[in-house]
Undergrad: 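If you scroll down you'll find the structure; I have some questions about it.
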Amino acid sequence: MMQSGSVRQLSRHEELGLTDEQAIDMYTKMLMARRFDERGLLLQRAGKINFHVSGIGQEPAQVAAAYALNREIDYFLPYYRDYALVLTVGMTPRELMLSVFAKAEDPNSGGRQMPGHFGSKRLRIVTGSSPVTTQVPHAVGLALAAKMKKKDFVSFVTFGEGSSNQGDFHEGCNFAGVHKLPVIFMCENNQYAISTPVHKQLGGNVYERAIGYGFPGIRVDGNDPLEVYRVVKEARARAAAGEGPTLIEAMMYRISPHSTSDNDLAYRTKEEVDEHRGNDGIPKYKQYLIECGIWDEERDAQLSKELRAMIDDATEYGDKAPYPAPEDILLHVYADDSGEGGR
Amino acid sequence: MSMQTIRAKEGVKMAVMEYIDAIRLAMKEEMERDEDVFVLGEDVGLKGGVFTTTKGLQEQFGELRALDAPLAESAIAGVAIGAAMYGMKPIAEMQYSDFMFPATNQIISEAAKIRYRSNNDWNCPLVVRAPIGGGVFGGLYHSQCPESVFFGTPGLKIVAPYTPYDAKGLLKAAVRDPDPVLYFENKKCYKLVVGEVPDTDYTVPIGKANVLREGDDITVISYSLPLHYAMEAAEELAQEGISAHILDLRTLQPLDKEAILEAARRTGKVLIIHEDNKFGGIGGEVSAIIAEEMLYELDAPIMRLCGPDVPAMPINPPGEKFFMLNKEKVKESMRHLALY
């Protein structure tokens with residue numbers, strides 16, 4: 001790019017094809033998820049809600065992955081820490097708060113499921129459950145449908161490193177490998193499955209398992225959103241070209257306890273958590289934007305203010321929204337149940 | 001629609017065929033009708049299934065629509081569920097129902113709850129076909145009746161046809177159903193049960209039982225293979241002056257309560273028969289429905305004839321014979337009830 005006669009070096013995000021506005025929007029989504037998540041923890045401590053499960057520390061990779069996909073056509077099969085992913089795909093803080101408060105208007109489940117159990121047909125976010133990794137074969141099934149119907153979408157599924165030990169992970173990956181399906185598997189390796197550290201969870205590395213399924217496996221620094229963006233973008237291009245699946249292992253750290261029911265200091269030290277807090281991808285990415293000359297503290301303060309207002313609004317909206325009618329639990333067992341439950 | 005009304009219709013061709021041919025025909029017709037219908041499972045493609053149930057489908061519809069899946073039942077169910085959520089109409093074959101248990105989490109935690117947990121946003125039009133039953137020297141793990149494991153899971157529908165007519169009509173209904181349906185076909189019925197099947201595009205409604213034989217002395221309520229023995233026994237008992245009324249449940253979930261009560265009222269004496277073991281079986285629920293609604297109209301205690309409460313049947317012939325129901329055992333129980 002020529003500017004006043006001199007060659008300006010492209011910034012990292014420009015090299016990846018991201019505009020300044022997009023780079024900033026990614027930051028906005030990360031911070032939005034962080035603020036939402038912090039509010040969820042606060043609401044639980046204040047006794048306003050029963051439960052919150054956090055994704056703090058995992059936002060950069062989630063936002064970057066969503067950004068690298070086609071949010072108009074692709075299918076998303078998130079796991080329960082993926083607030084930043086679903087916010088980037090198009091879910092709103094109000095919709096997430098409706099889920100947190102388990103209200104009737106919650107688009108994920110109508111107040112039936114725990115928070116973090118996402119689903120929205122409108123956004124092609126596929127409904128999920130709590131037994132982990134069941135969504136992996138579902139993503140493969142959607143990719144099979146894409147192949148059968150000759151559609152251009154790909155499916156994108158996430159899970160933790162603990163989940164990568166389930167049979168459904170292996171069965172799903174192998175099926176996708178055999179049929180070269182357009183699916184991207186992304187492990188968010190946050191080093192803990194509740195209390196069990198990664199060295200007691202994995203005998204090897206998740207990404208290296210891909211060799212056995214006959215497709216590429218890539219490890220990436222999950223705290224570096226631009227690198228995650230690059231890797232997911234390439235995986236999507238492979239899928240779209242009919243070259244099959246990719247397994248991505250994004251390395252990160254779960255800064256929060258497993259959930260609000262978990263005392264993490266029973267199995268890890270505060271020093272360890274603090275050390276990883278220092279590697280948090282969000283402040284690093286902010287610094288990057290500042291160094292690029294497209295962000296500054298003043299704009300950051302303004303953004304924080306806006307996000308606070310947004311989360312306040314969402315919280316109030318979720319809090320005040322009505323619960324479902326008790327007898328509504330009888331609805332939607334079958335298409336034709338007319339409110340009688342399973343009969 | 002009953003067989004009689006079908007037969008009365010002009011231009012309807014009736015073919016006499018085996019139960020297994022009716023299942024195959026249903027798949028073929030549904031795959032011809034709707035390109036979103038496909039079959040996946042172990043050996044269902046090139047080989048046409050270990051029982052030949054899917055024979056010819058790959059030839060006609062190609063490798064993707066008669067898909068030889070890797071040997072992994074949870075993926076067969078789970079991949080089918082994913083495709084179903086997109087809007088495809090998968091028929092997932094479990095080679096034997098005994099091998100269905102690795103897929104149980106996908107069936108019970110996922111398929112059964114997708115509509116409910118998403119508050120009607122998503123649905124899962126899945127069919128899982130699985131051969132049940134013994135008497136084929138299959139030993140413990142090629143002989144089981146697993147229906148009681150899945151029975152009582154709201155969100156699932158369960159059918160278990162006995163006649164070739166129902167085998168075709170219920171499978172077509174299952175494929176078109178917007179919710180997950182478990183289709184339990186009986187492997188001993190494959191060749192044993194022969195009947196008339198119209199060449200028309202008919203369905204048998206899920207949730208409706210069917211009277212196989214009218215009678216006034218005792219009521220037999222059953223499903224799948226044991227009906228074969230009950231029908232034979234009823235024929236012979238008629239010679240002894242015992243008139244049996246026989247109800248084929250056809251659908252196990254939801255149970256056709258009205259038909260069950262009507263059949264029980266007809267004689268006031270009820271015998272429930274199934275090959276699945278007695279304790280925790282479907283007969284217990286049928287029995288409870290009758291007891292709740294019409295206990296004082298009964299003329300005898302509700303009786304059950306079922307497989308014994310052992311883990312599964314053995315491969316040695318005397319042991320298998322001891323486990324299995326047959327015409328003599330059924331006839332004896334029917335006579336016992338009639339004389340009560």
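Each chain gets a letter, A, B and so on, in the order its sequence line appears, and its residues count up from 1. These numbers come from a predicted model, not from an experiment.
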Undergrad: If you measure from OG on A:Ser129 to CD1 on B:Ile108, what distance do you get to the nearest 0.5 Å?
TA: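 Here the interatomic distance stands at 13.0 Å.
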Undergrad: Roughly how far, to the nearest 0.5 Å, is CG of A:Asn174 from CG of B:Leu71?
TA: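 Here the interatomic distance stands at 10.5 Å.
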Undergrad: Crowded around B:Leu295 CG? As in, over 12 foreign heavy atoms under 6.0 Å?
TA: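 Buried by this count: over 12 neighbours within 6.0 Å.
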Undergrad: Within this structure, what is the OG-CH2 distance for the pair A:Ser120 and B:Trp122, rounded to the nearest 0.5 Å?
TA: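 The distance works out to 8.0 Å.
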Undergrad: Does any heavy atom of chain B fall under 4.5 Å from the side chain of A:Phe118, the backbone, both, or neither of them?
TA: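 Nothing of A:Phe118, per the 4.5 Å heavy-atom cut-off to chain B.
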Undergrad: Using non-hydrogen atoms and a 4.5 Å limit, figure out which bit of B:Leu67 sits close to chain A: side chain, backbone, both or neither.
TA: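 The side chain, not the backbone.
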Undergrad: Taking the side chain as everything from C-beta on, heavy atoms only, tell me whether B:Lys113 gets closer than 4.5 Å to A:Thr127.
TA: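 When only atoms from C-beta onward are counted, A:Thr127 and B:Lys113 do not touch, as no gap falls below 4.5 Å.
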Undergrad: Does NZ or CZ of B:Arg115 lie under 6.0 Å from the centre of the six-membered ring of A:Tyr334, at an angle within 45° of the ring axis?
TA: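 No.
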Undergrad: For the pair A:Lys151 and B:Tyr86, evaluate side-chain contact (heavy atoms from CB on, under 4.5 Å) and give the outcome as yes or no after the intermediate values.
TA: CA-CA 12 Å; A:Lys151 300 286 186 189; B:Tyr86 178 74; 3.5 Å; yes
Undergrad: Need one label for A:Phe153: side chain, backbone, both or neither, based on atoms under 4.5 Å from any heavy atom in chain B.
TA: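 Only the side chain of A:Phe153 comes within 4.5 Å of chain B.
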Undergrad: Would you please test B:Asp36 and A:Lys149 for salt bridge (Lys or Arg N to Asp or Glu O under 4.0 Å) and show each step?
TA: CA-CA 8 Å; B:Asp36 291 343; A:Lys149 302 293 284 181; 2.5 Å; yes
Undergrad: By a 4.5 Å heavy-atom criterion (distance strictly below it), what part of B:Asp179 contacts chain A: side chain, backbone, both, or neither?
TA: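 For B:Asp179, the side chain is the part near chain A, not the backbone.
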Undergrad: Which of the residues B:Ser74, B:Gly62, B:Pro70, B:Pro102 is involved in the greatest number of heavy-atom pairs with chain A at under 4.5 angstrom?
TA: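 Of B:Ser74, B:Gly62, B:Pro70, B:Pro102, B:Ser74 has the most heavy-atom pairs under 4.5 Å with chain A.
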Undergrad: Minimum heavy-atom separation for B:Gly155 and A:Val333, please, with both atom names.
TA: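 Here B:Gly155 and A:Val333 meet closest at N-CG1, 3.4 Å.
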Undergrad: At a heavy-atom distance under 4.5 Å, which candidate from A:Asp168, A:Val178, A:Val136 has the highest pair count against chain B?
TA: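 Going by pairs under 4.5 Å, I would pick A:Asp168.
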Undergrad: Does A:Glu243 have more than 12 heavy atoms from other residues, nucleotides or ligands lying within 6.0 Å of its CD?
TA: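 It does: A:Glu243 CD has more than 12 such atoms within range.
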Undergrad: Looking at every heavy atom in both A:Ala145 and B:Met88, which two are closest together, and how far apart are they?
TA: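 Smallest heavy-atom distance, with atoms named: CB-CG, 3.8 Å.
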Undergrad: Under 4.5 Å from any heavy atom of chain B, what part of A:Val126 do you find: side chain, backbone, both or neither?
TA: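 Its backbone and side chain both get close to chain B.
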Undergrad: With a 6.0 Å cut-off (strictly less than), is the heavy-atom count around NZ of B:Lys55, excluding the residue itself, greater than 12?
TA: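 For B:Lys55, atom NZ is not crowded (no more than 12 foreign heavy atoms under 6.0 Å).
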Undergrad: Heavy-atom distance under 4.5 Å to chain B: side chain of A:Leu144, backbone, both or neither?
TA: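 Side chain only.
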Undergrad: Quick check on B:Asn120 against chain A: is it the side chain, the backbone, both or neither that has a heavy atom closer than 4.5 Å?
TA: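 Both the backbone and the side chain of B:Asn120 come within 4.5 Å of chain A.
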Undergrad: Judged by atom type as modelled, is there a donor-acceptor pair below 3.5 Å linking the side chain of B:Gln106 to the main-chain atoms of A:Thr134?
TA: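 Flag set: sc B:Gln106 to bb A:Thr134 pair under 3.5 Å.
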Undergrad: To the nearest 0.5 Å, what is the distance between CZ (B:Arg117) and NE2 (A:His332)?
TA: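 Going from CZ on B:Arg117 over to NE2 on A:His332, the span is 15.0 Å.
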Undergrad: Is the count of non-hydrogen atoms from other residues, nucleotides or ligands lying under 6.0 Å from A:Lys121 atom NZ greater than 12?
TA: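 Correct, the count exceeds 12.
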Undergrad: Can you confirm whether more than 12 heavy atoms, excluding those of B:Asp34, are under 6.0 Å from its CG atom?
TA: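 Enclosed.
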Undergrad: Tell me, yes or no, whether the heavy-atom count around B:Met294 atom CE, taken from other residues, nucleotides or ligands under 6.0 Å, exceeds 12.
TA: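 Atom CE in B:Met294 is packed in, count exceeds 12.
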Undergrad: Got B:Glu110 and A:Gln135 here, is their nearest side-chain heavy-atom distance under 4.5 Å?
TA: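 Not in contact.
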Undergrad: How far does CG of B:Asp68 sit from NE2 of A:His179, to the nearest 0.5 angstrom?
TA: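 The distance works out to 8.0 Å.
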Undergrad: What part of B:Glu73 is in contact with chain A, defined as an atom under 4.5 angstrom from a non-hydrogen atom: side chain, backbone, both or neither?
TA: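 Only the backbone of B:Glu73 comes within 4.5 Å of chain A.
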Undergrad: What part of A:Ile125 gets within 4.5 angstrom of chain B, counting heavy atoms only: side chain, backbone, both, or neither?
TA: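 Only the backbone of A:Ile125 comes within 4.5 Å of chain B.
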Undergrad: Can you tell me if OH on B:Tyr141 sees more than 12 non-hydrogen neighbours from other groups inside 6.0 Å?
TA: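 Atom OH in B:Tyr141 is not crowded, with 12 or fewer foreign heavy atoms closer than 6.0 Å.
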Undergrad: To the nearest 0.5 Å, tell me how far B:Asn119 CG sits from A:Asn108 CG.
TA: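 Here the rounded value is 10.5 Å.
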Undergrad: So with a 6.0 Å cut-off around CD of B:Glu262, is the heavy-atom count from everything else above 12?
TA: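 12 or below, so no.
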